Amino acid sequence: ADAVLVPILEVLRCLPEAVVATELTQPPPSAMALLLTLVVLTSDRGFCEAISRTRLADGGRVLPGVRALDDVAVSSLLIIVILRMAHWNFAACCNAFFNQASAAVLSNLARHGVEQLHWQAASRLLDMAQLLAKNAMTQPPGPRVTMIRELLLTMTQLLSGCLRVPAVGRNCHLVYAVLRAYPEPLVQLEADEVLGPTLRHVRA
């Protein structure tokens, strides 16, 4: 699994820097193609299970500059890169299809399960969920908020899936992160008709 996935992640994580001086109306076709490839790959349960078991001794090879990425499951690297790409999309071109594809990858991971979540991935999941929740509550209704809620829903489903038995016993870093500093905006969204059920489970 790592032989296929790691090269894709290495290319995608470079995208924000590669296009930093470019005015974009949509993501580059190459990035879109790679993201759709990830959607297909993660639709397979066996693949998702394999990338949780497969570990890289040095995750910095995929994400240089991110500290303490030693002995990291490839699934954690995938989550970090997807969150990075989703955040970049909101800032650069706010493309709805790119957002849907990013959400689809996270949804596949939520459905099939993620184990051995690295503390960096756990922290970034909660940090970005907090950012999206704030925006979902403060921005006026429109296409951007629809995208925010779509991505936030799959992120909360992923969090919830990681905290269900038996995966919860193998996601200690996420359990600690939730207990240490659970974002208040997520608590406020627990009353939401769509987002509320999974958010209530995450904090239960």
Side-chain angles (χ1 to χ4, degrees), residues 1-2 5 9 35 38-56 59 68-69 71-87 99-134 136-137 147-204:
D2 60 321
L5 183 56
L9 299 183
L35 190 56
L38 293 179
V39 174
V40 174
L41 289 173
T42 55
S43 67
D44 180 74
R45 178 179 293 276
F47 181 86
C48 291
E49 291 174 349
I51 62 176
S52 281
R53 294 192 303 265
T54 305
R55 308 182 76 85
L56 288 187
L69 273 178
D71 190 30
V72 57
V74 178
S75 55
S76 291
L77 297 175
L78 171 59
I79 289 169
I80 294 172
V81 170
I82 290 297
L83 295 180
R84 176 185 173 94
M85 298 304 301
H87 189 274
N99 188 71
Q100 290 170 357
S102 301
V105 174
L106 298 179
S107 179
N108 287 341
L109 292 174
R111 185 170 67 256
H112 297 314
V114 173
E115 298 179 357
Q116 311 297 336
L117 195 67
H118 192 274
W119 70 267
Q120 284 276 16
S123 177
R124 292 191 181 211
L125 264 173
L126 288 176
D127 287 347
M128 187 157 176
Q130 175 175 240
L131 177 63
L132 292 176
K134 286 181 178 177
M137 291 186 292
M147 289 172 56
I148 288 171
R149 289 178 60 87
E150 179 179 47
L151 185 62
L152 181 57
L153 176 61
T154 58
M155 290 174 65
T156 60
Q157 290 170 342
L158 178 56
L159 288 167
S160 178
C162 289
L163 295 172
R164 293 183 185 276
V165 176
V168 63
R170 293 184 282 273
N171 283 314
C172 296
H173 290 301
L174 177 59
V175 173
Y176 175 72
V178 169
L179 293 174
R180 179 178 57 86
Y182 190 71
E184 179 60 29
L186 297 185
V187 178
Q188 296 174 31
L189 279 175
E190 287 181 5
D192 186 272
E193 184 177 330
V194 176
L195 298 168
T198 52
L199 285 172
R200 290 192 293 272
H201 173 262
V202 170
R203 202 164 62 97

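What you are looking at is a predicted structure, and each value in this text was computed from that prediction instead of being measured.
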May I ask you to test the H173-L117 pair for a side-chain heavy-atom distance under 4.5 Å? no
Under a 4.5 Å cut-off applied to non-hydrogen side-chain atoms, are L35 and I82 in contact? yes
Verify, without hydrogens or angle tests, whether T42 (side chain) and L38 (backbone) share a donor-acceptor contact under 3.5 angstrom. yes
Which pair of heavy atoms, one from C172 and one from G169, lies closest together, and at what distance? SG-O, 3.7 Å
Minimum heavy-atom separation for S107 to Q157, with atom names? OG-OE1, 4.3 Å
Of all the heavy-atom pairs spanning P197 and D192, show the shortest one and how long it is. CD-O, 4.0 Å
How about R124 and M128: do any of their side-chain heavy atoms sit closer than 4.5 Å? no
Would you give the length of the straight line joining atom CG of L152 to atom CE of M147, rounded to the nearest 0.5 angstrom? 13.0 Å
Considering only heavy atoms from C-beta outward, does the side chain of K134 approach that of L131 to under 4.5 Å? no
Heavy-atom side-chain contact between Q120 and V72 under 4.5 Å: no
Nearest 0.5 angstrom please: L186 CG to L159 CG, how far? 8.0 Å
Heavy-atom nearest pair, P185 first then A133, reads CB-CB, 3.7 Å
M155 versus L132: any side-chain heavy-atom pair under 4.5 Å? yes
The residue among L78, L109, V114 that forms side-chain contact (heavy atoms from CB on, under 4.5 Å) with S52 is V114
Would you check if there is a donor-acceptor pair between the side chains of T156 and T198 at a distance under 3.5 Å? yes
For the student: nearest non-hydrogen atoms of L174 and C162, plus distance: CD2-CB, 3.5 Å
Atom pair CD1 (I51) and CG (L77), whose distance is rounded to the nearest 0.5 Å: 9.5 Å
Do L5 and T54 come close enough that some side-chain heavy atom pair is under 4.5 Å? no
Indicate the atoms forming the closest heavy-atom contact of A73 with Q116, along with that distance. CB-O, 3.9 Å
With a cut-off of 6.0 Å (strictly less than), are more than 12 heavy atoms of other residues, nucleotides or ligands near NE2 of H201? yes
CG/L151 to CD/Q100 distance, rounded to the nearest 0.5 angstrom? 11.0 Å
Taking the side chain as every heavy atom from C-beta outward, state whether V40 and F47 have any pair of such atoms under 4.5 Å apart. no
When rounded to the nearest 0.5 angstrom, what is the spacing between NE2 in H87 and OG in S102? 12.5 Å
Approximate separation, where rounding is to 0.5 Å, of N108 CG and L41 CG: 10.0 Å
